[in-house]
Amino acid sequence: MAALGGFSRAAVVWGVASMSAGVVRETVLSTLREALEDARASGDLKLTTVPALVLDVPKKAALGDLATTVAMNLSATEHRDPREIAEIIAGRLRSHSEVLERIEVAPPGYINLTVKRDLWFRVLAEIEAQGEQYGGSSLGLGQRVLLEFVSANPTGPLHMGHGRGAAVGGALANLLRRVGYEVSTEYYINDAGRQMKLLAESVEARCRQLIGQDAAFPEEGYRGAYIDDLAKGFLAGRQAAGQDPLPAGPTESCGAWAYARMLEDIKADLDQFGLRFDTWVHERALFETGAVAQSLELLKARGHLFEQDGALWFRSTTFGDDKDRVIRKQDGEYTYLASDIAYHRDKLDRGYDLLINIWGADHHGYIPRMQAVVQAFGHPKDRLKVILVQIVNLLRGGRRVTMSKRAGDLITLREVVEEVGADAAKFIFLTRRADSQLDFDLEVAKQQSAENPVYYVQYAHARVASLFRVAAERGVPVPRTGEVDCSVLSSPDDLELMKPLAEYPALVEASAQALEPHRLTYYLQDLAARLHAYYYKHRILPPLLERELNGHDHLKPAAHDAEQERKGETLTPALTAARLCLFRSVQTVIRNGLAILGVSAPERM
RNA sequence: GCGCCCGUAGCUCAGUUGGAUAGAGCGUCGGGCUUCGAACCCGCAGGUCGCAGGUUCAAGUCCUGCCGGGCGCACCA
């Protein structure tokens, strides 16, 4: 529900806002607002409350281009039959319908709108004018967002789960920036706790075994083959420097070396995945700078901490958590929660309007306590939003690739990216909602066919690029939209290709608001399908005459006539020009959409 | 036992924040390249949206209870 008196406010917004939902929606929406204002001014409707004005796309194209349910939503407050209200509004719409071709009321109170052709053509001009900016909006202008993701412990290589988180996070960052947010991406490195100690001990033990010492492997140590590599690398470095295999303080040395190496590898893996973080935060630093101690002091001063059974607790139940949580154990060690408190206080202190964390779904139980932390520091709990990413099932040709966690040999992200490529991996990671499980089939991801959605979409882009190359070869000019008579693009096929282009900005906004980048992948597959269908059905460029084909002056070959007949249309220069403009717009939108997903838009493939 | 998430076509999943006759890909079956990219297109078949109530003019979508699955419920990260 919009605020009361939404009309004047809406009018102001309309005055200053960019075409955030696209030229068609914005234009129709403002017309609808005017119609409602008229109805109120004349007393036909009371309109004491103003419902949010939403335009839907009817399921059937025959019903119209856009529809509104506002009459049905007003029925309760107006105490009238929705159909009656719809008629009143429809009447007002008809009185200033410069942009509307048809206005129809359908039971039980829909108002179906068909937009004038000229308005669709303006979309092409808008796309041409905005180029790679098309689809952007001012939704998040002036708002700062901190997006923390991946944040894998530097105790092993990144695996598929991290890859999915990376794909979602990267796409979300692009998406939010697209709608005006100022986004910082951040990676939090857990380099202070027990896990680091285990890494150190594991590498040290392997080193000792490699130099023939009888060393016991730590009970819960890391057993992956990469530990061997780390140990070998460490020893090789010592040897190259002419030093003894193990220095004094071997555990610390092994640990420091392995940690630095792992972090380097993680950064390299992310780089290979096309991902760069703006900032890296070290857990260790939170202890060293006193941030942890200070944060706990502050919470204590506010009465959110208490001591019991020799431990220090955070009273998270104050803010709706199931139980209170230990911060410092009986043995004096801090739990991870202590540093997480300091870390999130630090985030809040940096003045972000919104914190987004991307976590593995198995951590969902931690959301209430972290939101409790946010509230304990005096912020609304919604300032922290957590996106849960479900597990990835790795398949090869339909068969489950078993991942034995005990042995520590997970399939790494690096292996997968090397096998299928970063584009395919990213796109597939984004073909499902983040919080639903994902089957990732290596064979499908590698396959360059229709089964693989990323190639389907990229192919559409490359196909258009190819068309422009051929046009250039033949000397066919690609005009600007303003120089073209768009009215020849009035067939249903043309409109079915243009409509999604007009919807794109609204889709970007909705995806950003819902924090759901996967919607883009569905949209792009649909747009690519329309492009392919159109391309098959219609000819864009004029055919070569036979003399151009073989140097003899002759009539057009019969094959072309047959093709024209099959396609049931005659290609004119005006049609070629207009279709080239249309295709260029489709290409721009596909490129923009893929850019948000972090996937390349190749000219050739 | 308590909490969170999920049950939609044979399979994998979307479903525009409550709107009209529920969609796509894969798979099955059948069609389509002599000029621009067949990495493509067209068609057929496939559904009591887990079950039962409730709220609403309107429920795949919201509420309650069951059934079935996943994940959490640490003084581990």
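Within every chain, numbering begins at 1; the chains are lettered A, B, ... in the order of the sequence lines, protein sequences first and strands thereafter.
- Proximity of A:Lys329 to the phosphate of B:C76: a side-chain N or O atom is located under 4.0 Å from OP1 or OP2.
- Both the sub-6.0 Å distance and the 45° axial angle are satisfied by A:Arg284 relative to the ring of A:Tyr259.
- Here, B:U56 and B:U12 have their C1' atoms 34 Å apart, quoted to the whole Å.
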Report task. Would you please test A:Gln371 and A:His344 for side-chain contact (heavy atoms from CB on, under 4.5 Å) and show each step? Result -> CA-CA 10 Å; A:Gln371 289 187 327; A:His344 283 80; over 6 Å; no

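- A residue-by-residue look at A:Ala311 and A:Ala510 shows that A:Ala510 has its nearest nucleotide of RNA chain B further toward the 5' end.
- Taking the side chain of A:Arg474 as heavy atoms from C-beta on, and the options B:U17, B:G37, B:C36, the nearest nucleotide is B:C36.
- Shown here, B:G47 forms no base pair; nothing in the strands shown gives a Watson-Crick or G-U wobble contact with both key distances under 3.5 Å.
- As judged by a 4.0 angstrom heavy-atom cut-off over every strand, A:Ala514 is placed among the base-contacting residues.
- With a cut-off of 3.5 Å on both Watson-Crick or G-U wobble distances, the partner of B:A38 is given as none.
- Relative orientation of the A:Phe429 and A:Phe440 rings is tilted, given thresholds of 30° and 60° on the angle between their planes.
- Taking the side chain as every heavy atom from C-beta outward, A:Ile227 and A:Leu199 approach each other to under 4.5 Å.
- Look at CG on A:Leu395: it is 14 Å from C1' on B:C13, rounded to the nearest Å.
- Considering only the side chain of A:Val54, B:U17 comes nearest among B:C75, B:C57, B:U17.
- In this structure, A:Tyr110 forms an aromatic stack with the base of B:A20, since both conditions hold: centre separation below 5.5 Å and plane angle below 30°.
- Within 4.0 Å (heavy atoms only), A:Lys60 reaches at least one base atom of the nucleic acid.
- Nearest nucleotide to the A:Asp362 side chain, out of B:C13, B:G72, B:C57: B:G72.
- Between A:Tyr534 and A:His538, the ring planes are tilted. Angles from 30° to 60° get that label.
- Looking at the side chain of A:Tyr456, the nearest of the listed nucleotides B:C75, B:A14, B:C40 is B:C40.
- Residue A:Ala462 is classed as a base contact, given a heavy-atom separation below 4.0 Å to a base.
- Under the 4.5 Å side-chain criterion, counting only non-hydrogen atoms from C-beta, A:Phe583 is in contact with A:Leu497.
- Mapping A:Glu503 and A:Asp309 onto RNA chain B via the closest heavy atom, the residue that lands nearer the 5' end is A:Glu503.
- Out of B:C76, B:C57, B:C73, the shortest distance to the side chain of A:Arg194 is found at B:C76.
- Nucleotides B:A52 and B:A45, compared at atom C1', are 32 Å apart to the nearest Å.
- Proximity of A:Thr69 to the phosphate of B:G19: no side-chain N or O atom is located under 4.0 Å from OP1 or OP2.
- When heavy atoms are screened at a 4.0 angstrom cut-off, A:Ala471 is found touching no nucleic acid atom at all.
- Note: CG (A:Asp526) to C1' (B:G25) measures 12 Å, nearest angstrom.
- In this entry the distance linking CD of A:Gln525 with P of B:U12 reads 18 Å, nearest Å.
- Contact annotation: A:His518 does not reach the phosphate of B:U16 (side-chain N/O to OP1 or OP2, under 4.0 Å).
- Nucleotide B:A14 holds its P atom 5 Å from the OH atom of A:Tyr522, rounded to whole Å.
- Considering only side-chain atoms of A:Arg469, the nucleotide from B:G15, B:G37, B:A22 that sits closest is B:G37.
- Here A:Ser75 lies out of heavy-atom contact (under 4.0 Å) with every strand.
- Checking B:C33 for Watson-Crick or G-U wobble geometry (two distances, each under 3.5 Å) identifies no partner in any strand.
- An anti orientation is assigned to B:C29, its glycosidic angle lying beyond 90° of 0.
- A:Leu575 places its CG atom 18 Å from the P atom of B:C36, with the value rounded to the nearest Å.
- Nucleotides B:C75 and B:U8 are separated by 37 Å at their P atoms, to the nearest Å.
- Anti is the conformation of B:U61, whose glycosidic angle sits further than 90° from 0.
- Regarding A:His532, its NE2 atom lies at a distance of 15 Å from the C1' atom of B:A24, rounded to whole Å.
- If you measure from atom CZ of A:Arg325 to atom C1' of B:A74, you get 9 Å, rounded to the nearest angstrom.
- The same atom, P, is picked in B:G72 and in B:G53; the two are 35 Å apart, to the nearest Å.
- If you check B:C13 for Watson-Crick or wobble pairing at under 3.5 angstrom, you find it paired to B:G23.
- Within the shown strands, nothing qualifies as a pairing partner of B:A59 under the Watson-Crick or G-U definition with both distances less than 3.5 Å.
- Checking B:G70, B:C5, B:U16 against every side-chain atom of A:Gln437, the shortest atom distance belongs to B:G70.
- Taking the six-membered ring for Trp and thresholds of 30 and 60 degrees, A:Phe287 and A:Tyr334 have ring planes inclined between 30 and 60 degrees apart.
- In this structure, the nucleotide among B:U12, B:A14, B:G37 sitting nearest to the side chain of A:Met605 is B:G37.
- Separation of the C1' atoms belonging to B:G18 and B:U55 is 11 Å when rounded to the nearest angstrom.
- Residue contacts for A:Ser436: at a heavy-atom cut-off of 4.0 Å it reaches the sugar-phosphate backbone alone, with no base atom in range.
- Within a 6.0 Å radius of NZ in A:Lys499, more than 12 heavy atoms belonging to other residues, nucleotides or ligands are found.
- In the interface, the side chain of A:His364 is paired with the base of B:G3 through a donor and an acceptor atom under 3.5 Å apart.
- Residue-level contact check: A:Gln195 touches the backbone only, with heavy atoms under 4.0 Å from sugar-phosphate atoms and none from bases.
- A donor atom on one side chain and an acceptor atom on the other are found under 3.5 Å apart for A:Asp423 and A:Gln458.
- Nucleotides B:C76 and B:G10 have their C1' atoms positioned 43 Å apart, rounded to a whole Å.
- Separation of the P atoms belonging to B:C73 and B:G27 is 40 Å when rounded to the nearest angstrom.
- Between the C1' atoms of B:G7 and B:C49, the separation comes to 10 Å (whole Å).
- When the shell of 6.0 Å around CD of A:Gln308 is examined, it contains more than 12 heavy atoms from other residues, nucleotides or ligands.
- Under the Watson-Crick and G-U wobble criteria, each requiring two contacts below 3.5 Å, nucleotide B:C4 is paired to B:G70.
- The listed nucleotides are B:A38, B:G19, B:C6; the one nearest the side chain of A:Arg433 is B:C6.
- The separation between A:Leu63 atom CG and B:G19 atom P is 15 Å, rounded to whole Å.
- Of all nucleotides listed (B:G72, B:A20, B:A14), B:A20 comes nearest to the side chain of A:Ala106.
- A:Asn112 contributes a side-chain N or O that forms a donor-acceptor pair with the base of B:A20 under 3.5 Å.
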